[in-house]
Amino acid sequence: MHNLITLKEWTPAQILDVIALAREIKKNPARFAKSMEGKTLLMIFEKPSLRTRVSFETGMTQLGGHAIFYDTSTSPLGAGKESVYDTVKTVSRYVDMIMARLFEHAKIEEMAREATVPVINALTNFAHPCQILGDLMTIQEKKKTLKGLILAYLGDGNNNVTHSLLYGCAKMGIHIRVGCPAGKEYSPDAGVVKDAAQVARKTGGTVKITHDPREAIQDADVVYTDSWMSYHVPPHKLDERVKMFTPFQVNAALMKRARKDAIFMNCLPALRGYEQTAEVIDGPQSVVFDEAENRLHIQKAIMLKLMEQRKRGVGEKG
Ligand code: CP
Ligand code: NVA
């Protein structure tokens, strides 16, 4: 294991370990200032980003390394002039680690298969593991524990963040409830739900998919929502999706059903008046900027762990 592609491949112990390291880095960043000296991270982007791009690049600088931002719109890969295979075989000869934000999940899997350096999924249509590792760190900081908590996710059930939350919560023994409209287009991937339920049986968590937002949020410790218009969703879907997701909007009335001390999370970017109201995201229960900050610390920890495992030859590839 020297990649981060989805949380499915990471054990509960590995997840807790990377969170512990991230918390250590957050407390004492200076101690890690040279840990990536002489190392280069390549950051491949097919989609827009604020948090992921800036936190990875800053993180690499703070670790004493260097990051290259590579926008596929100016690359032979993006122009259809070079294959994924040739791209990663080539860059594996230059850089020490690759991260990529892509549309197709199969493409990051191919990168991980063919690269000879660690590969990090910085979001695909299917999964966003860096986000959820950072979120688990934030929940642990705020709630002092993970196991046994209830996390309610409301809105678009069929996206990267939901899938990674399903894996992440199940591994940590968190009870996850997804409240989303009925239908394949809006509900989580059935294979992920099945995998998560199976893992949850071992960790003491549970997995519930419901089409009733009140049932999802009742007594939740953590309320989570995400964009109704993920980067991969075409703009012409807006009206239809607003109609479908409006009953799942996190507003003050719905928040009242969660525990009094519930925290509100959104991975951002967020639109006030869509997936949540302004009073919720700008209110006292919201931890969205602590959540955004933790992307920096967790990604520094992810990079250090992957480099360390590679050095030790854990899960070595050909
Ligand atoms: N949450 C997150 O990944 O944000 P960006 O799209 O800005 O990177
Ligand atoms: N589900 C969102 C997450 C953004 C960080 C998207 O894919 O756009």
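Just so you know, ligand 1 is whichever comes first in the structure, and atom 1 is the first atom listed for that ligand. Nothing fancy with the numbering, it's 1 onward along the sequence. Computed over heavy atoms, backbone and side chain alike; hydrogens, waters and symmetry mates excluded.
For atom 8 (O) of ligand 2, the nearest non-hydrogen atom of the protein is Y231 N, 2.8 Å. Of the protein's non-hydrogen atoms, L268 O, 3.6 Å is the one closest to atom 5 (C) of ligand 2. Closest protein heavy atom to atom 2 (C) of ligand 1: R295 NH1, 3.3 Å. Protein heavy atom at the shortest distance from atom 7 (O) of ligand 1 is L50 N, 2.6 Å. Summary of contacts: the protein heavy atom closest to atom 6 (C) of ligand 2 is S230 OG, 3.2 Å. Among all protein heavy atoms, the one lying closest to atom 4 (O) of ligand 1 is R51 NE, 2.8 Å. At the shortest separation from atom 6 (O) of ligand 1 among protein heavy atoms lies Y231 OH, 2.6 Å.
Checked for salt-bridge contact, D290 and K142 meet the test: a charged N lies under 4.0 Å from a carboxylate O. Ion pairing between K143 and D221 fails under the 4.0 Å rule for side-chain N and carboxylate O. Ion pair K89/E114 flagged as a salt bridge, since at least one NZ, NE, NH1 or NH2 atom sits closer than 4.0 Å to an Asp/Glu carboxylate oxygen.
Here's the thing with P48: none of its N/O atoms is less than 3.5 angstrom from an N/O atom of ligand 1. Geometrically, ligand 1 and S49 share a nitrogen or oxygen pair separated by less than 3.5 Å. Residue contacts with ligand 2: S227 is placed with no nitrogen or oxygen under 3.5 Å of a nitrogen or oxygen of the ligand (distance criterion only).
For L123, the heavy-atom gap to ligand 1 stays at 4.0 angstrom or more. Remark: distances from the non-hydrogen atoms of K47 to ligand 1 are all 4.0 Å or more.
Seen from the ring of F32, K300 does not count as a face-on cation partner, given the 6.0 Å and 45° thresholds. Cation-pi contact between R53 and F69: present, with separation from the ring centre below 6.0 Å and deviation from the ring axis of at most 45°.
Under the 3.5 Å distance criterion, with hydrogens and angles disregarded, no donor-acceptor pair is assigned to the side chains of R272 and T277. Between E279 and N251, the side chains place no donor N or O within less than 3.5 Å of an acceptor N or O (distance only, hydrogens not considered).
Centroid-to-centroid, the aromatic rings of F103 and H232 stay 6.0 Å apart or farther.
Within the 4.0 Å heavy-atom criterion, the part of N160 lying near ligand 2 is the side chain and not the backbone.
Listed by atom number, the atoms of ligand 2 under 4.0 Å from L123 heavy atoms are 3 (C), 4 (C), 5 (C), 7 (O).
By the 4.5 Å heavy-atom criterion applied to side chains, D226 and N160 are counted as neighbours.
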